[in-house]
Amino acid sequence: MRNEEQTGRRDVLQHSRLGSAGAGLASTSTANAVVGAEVEEDQVAMADGDVSCDVDVLVVGGGTAGTIAAIQAGRAGAKTLLVERHSQLGGTTTTGGVAFPGLFDAWGNQIIAGIGWELVRESVELDGGTLPDFSKVPQRHWENQVPVNMFLYAIMAEEKCTQAGVQIAYYEFPQAITETADGWQVDCAGFGTRRRVLCKQIVDCTGGAEVVGMLRLPRLREEETQPGAMLFQIGSANDPGRGQLHALYVHGADSSNSRTVTKASMTGRKAVLAKVREEKQRLMHLQSEPGFRESYRIVGETMITVNDYTSGRTYDDAICNAFYPVDLHSKTGVRPKPLKPGTVPTIPLRALIPKDGRNIIVAGRCVSSDRLANSGLRVQASCMAMGQAAGATASLAAQHETTPLSVPLAEIRKLLREHGAIVPGDASPG
Ligand SMILES: Cc1cc2nc3c(=O)[nH]c(=O)nc-3n(C[C@H](O)[C@H](O)[C@H](O)COP(=O)(O)OP(=O)(O)OC[C@H]3O[C@@H](n4cnc5c(N)ncnc54)[C@H](O)[C@@H]3O)c2cc1C
């Protein structure tokens with residue numbers, strides 16, 4: 001798909017699609033548009049910062065799950081665009097500073113591998129760090145989380161995207177979405193840029209299922225969400241990939257929109273300033289925004305309940321494993337409830353597919369699940385595994401010109417295995 005001859009498609013783009021006044025993208029000839037502007041090979045230039053591109057898979061949100069989804073789609077041969085509103089990849093793992101992904105193992109075995117694990121492992125190795133021994137069952141669940149150097153992780157994620165042929169668009173986000181005969185037209189905005197994207201499949205990895213919300217497909221959220229946290233360090237310098245940062249709860253932290261993120265960021269920074277004054281120590285490190293634990297979840301073709309999660313239900317359409325205690329934070333803190341020995345929950349494909357949605361799939365903490373199940377499912381290794389499954393499914397759906405729900409499961413699982421993932425029921429890589 002990536003090697004498809006582009007010229008014909010570009011002509012169509014220039015002459016038919018851009019003529020529509022709908023989203024206000026002005027069309028000019030390519031020759032005019034390129035003057036004075038640097039235009040990447042894969043996009044068509046129009047007037048003053050207007051660009052268009054025609055891809056198989058659009059991944060929105062280059063965070064914990066989205067980065068992996070995009071790499072998987074690219075490696076599977078899908079022409080892939082990744083749109084990220086921030087300036088780097090990694091999301092909560094990097095921008096949020098929660099740089100200790102888990103859990104890749106359960107009960108002495110590795111249960112999540114694939115592209116997320118490859119990125120975590122390689123970034124730890126380059127950083128001279130130590131990987132946990134998954135054959136040993138730790139006393140406390142968090143001991144097998146893997147501290148990563150968030151700076152290195154973000155750069156290596158970018159490198160892997162580039163190597164997979166994924167085009168990255170930072171500082172951009174979708175503004176309007178229209179269904180087309182064979183997919184979507186997504187109009188994105190960034191500063192100095194208006195981008196019209198034609199794609200066959202969308203993978204929504206925005207954390208809070210923002211694209212699903214724009215499409216007015218059903219989502220769930222709690223009236224009062226779990227607290228977020230502002231990560232920082234006072235007193236001594238931060239040693240990335242080794243020590244953990246300090247964290248302060250940000251109550252009411254809500255990632256839904258720019259207004260709520262502004263409020264949470266200012267609340268978090270104010271609390272850090274108060275801490276610095278109280279402790280009379282130097283501020284040595286501060287993340288640029290808080291980490292958000294909870295906002296919207298999709299209503300999917302199926303919903304994972306806490307009973308499904310804690311009983312380790314193996315779904316017929318299971319596409320990856322997950323593992324973490326039930327971990328609901330409140331104003332007073334958190335008391336994780338560990339899973340019973342031997343239990344390994346699974347994630348069904350249908351929990352990634354919005355009910356009544358076509359040509360869209362999600363991955364990450366917005367997975368269709370009740371609140372308690374979600375408190376365990378939302379951790380990073382599980383988000384990465386979901387991302388890989390969603391990227392694989394979207395690329396196959398684009399290739400077959402069908403919907404994610406109609407892609408044969410055997411093909412998804414085959415593709416995932418070819419790219420190093422563990423499918424529920426498979427033996428661990430050892
Ligand atoms: C304080 C805290 C502590 C945690 N502790 C742990 C832990 O110890 N271990 C663990 O494994 N997990 C932990 N988690 C959970 C885990 O980090 C998150 O649930 C997980 O990283 C979410 O991944 P995601 O891909 O769904 O979202 P994110 O990683 O948040 O990625 C979403 C991405 O989408 C981008 N985006 C959002 N909206 C748009 C838009 N409209 N257009 C373009 N881009 C957009 C964002 O900028 C971001 O890059 C913790 C979370 C928090 C907040």
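Throughout, residue positions are numbered sequentially from 1 according to the sequence presented. In this text the structure is predicted, and so the values were computed from the model without any measurement. One-based numbering, in listed order, for ligands and for the atoms of each.
Ring to ring, W142 and F100 are not that close: their centroids are 6.0 angstrom or more apart.
In summary, the side chains of N307 and T305 do not present any donor paired with an acceptor at a separation below 3.5 Å, with no hydrogens or angles considered. Side chains of R85 and S258: no donor on one and acceptor on the other come within 3.5 Å.
Using 4.0 Å as the threshold, P174 has a heavy atom nearer than that to some atom of ligand 1. The shortest heavy-atom distance from G228 to ligand 1 is not under 4.0 Å. Taking 4.0 Å as the cut-off, G96 does not count as a neighbour of ligand 1 on heavy-atom distance.
Heavy atoms only, all atoms of each residue included: C161 and I71 are closest at SG-CG1, 3.7 Å. Of all heavy-atom pairs spanning A154 and L89, the tightest one is CB-O, 3.6 Å. Taking every heavy atom of both residues into account, R365 and R293 meet most closely at CD-O, 3.6 Å. Scanning both residues, T346 and T314, for their nearest heavy atoms gives OG1-CA, 3.6 Å. When every heavy atom of L377 is checked against every heavy atom of S382, the shortest pair comes out as O-CB, 3.4 Å.
Comparing Q145, Q287, R378, Q226 by heavy-atom distance to atom 20 (C) of ligand 1, the nearest is R378. Within the set S375, G63, P101, the minimum heavy-atom distance to atom 33 (C) of ligand 1 is found for G63. Heavy-atom proximity to atom 35 (C) of ligand 1, evaluated over R365, E84, E172, is greatest for E84. Counting only non-hydrogen atoms, the option in V98, T206, L231 that gets closest to atom 13 (C) of ligand 1 is V98.
The single protein non-hydrogen atom nearest to atom 25 (O) of ligand 1 is A65 N, 2.9 Å, given as residue, atom name and distance. For atom 43 (C) of ligand 1, the closest heavy atom belonging to the protein is R85 N, 3.4 Å. Atom 42 (N) of ligand 1 has F173 CB, 3.3 Å as its closest protein atom, hydrogens excluded (heavy atom only). Scanning all protein heavy atoms for the shortest distance to atom 29 (O) of ligand 1 gives T64 OG1, 2.7 Å. When hydrogens are left out, the protein atom nearest atom 40 (C) of ligand 1 is E210 OE1, 3.7 Å; that is the closest non-hydrogen contact. Closest to atom 32 (C) of ligand 1, if we only count protein heavy atoms, is C205 O, 3.4 Å. Nearest to atom 34 (O) of ligand 1 among the protein's heavy atoms is G61 CA, 3.3 Å. Here the protein heavy atom with the shortest distance to atom 28 (P) of ligand 1 is T92 OG1, 3.5 Å.
Numbered from 1 in the order shown, with element, the atoms of ligand 1 that lie under 4.0 Å from a heavy atom of G364 read 26 (O). Atom numbering of ligand 1 starts at 1 in the shown order; those under 4.0 Å from a heavy atom of F100 are 7 (C), 8 (O), 9 (N). In summary, the atoms of ligand 1 found under 4.0 Å from a heavy atom of G291, numbered by their order in the structure, are 53 (C). Of all atoms in ligand 1, listed by their number and element, those nearer than 4.0 Å to a heavy atom of V83 are 43 (C), 44 (N). Near G207, meaning under 4.0 Å from one of its heavy atoms, ligand 1 places the atoms 26 (O), 27 (O), 32 (C). Atoms of ligand 1 found under 4.0 Å from any heavy atom of A229 (numbered from 1 in listed order, with element): 1 (C). Which parts of ligand 1 touch H86 is read off a 4.0 Å heavy-atom cut-off, strictly below it: atoms 47 (O). Below 4.0 Å from some heavy atom of G102 lie the following atoms of ligand 1, by number and element: 11 (O).
Side-chain N or O atoms of S375 include one that pairs as donor or acceptor with a backbone N or O of D327 at under 3.5 Å. A donor-acceptor pair is defined here as one N or O able to donate and one able to accept, closer than 3.5 Å; no such pair exists between the side chain of S256 and the backbone of D254.
Under 4.0 Å from ligand 1, the heavy atoms of V60 that appear belong solely to its side chain. In A247, neither the side chain nor the backbone holds a heavy atom less than 4.0 Å from any atom of ligand 1. At a 4.0 Å heavy-atom cut-off, ligand 1 does not touch W142 at all. In Q380, the parts holding a heavy atom less than 4.0 Å from any atom of ligand 1 are both the side chain and the backbone.
Put simply, the side chain of W117 reaches to within 4.5 Å of the side chain of V146, judged on heavy atoms.
Taking OH of Y296 as the reference point, atom CZ of R221 lies at 5.0 Å (rounded to 0.5 Å). Annotation: the span from W184 atom CH2 to K200 atom NZ amounts to 15.5 Å, rounded to 0.5 Å.
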Under the criterion side-chain hydrogen bond (donor to acceptor under 3.5 Å, both in side chains), I'd like the reasoning laid out for Q201 against N359: C-alpha separation, chi angles, the key distance, then a yes or no.
CA-CA 5 Å; Q201 296 293 328; N359 302 326; 3.0 Å; yes
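With sequence neighbours left out, the ring-ring contact (aromatic ring centres under 6.0 Å, His included) criterion links H246 to F232.
By the neighbour-count criterion of 12 heavy atoms within 6.0 Å, atom CD of E224 is sparsely surrounded, having that number or fewer from other residues, nucleotides or ligands.
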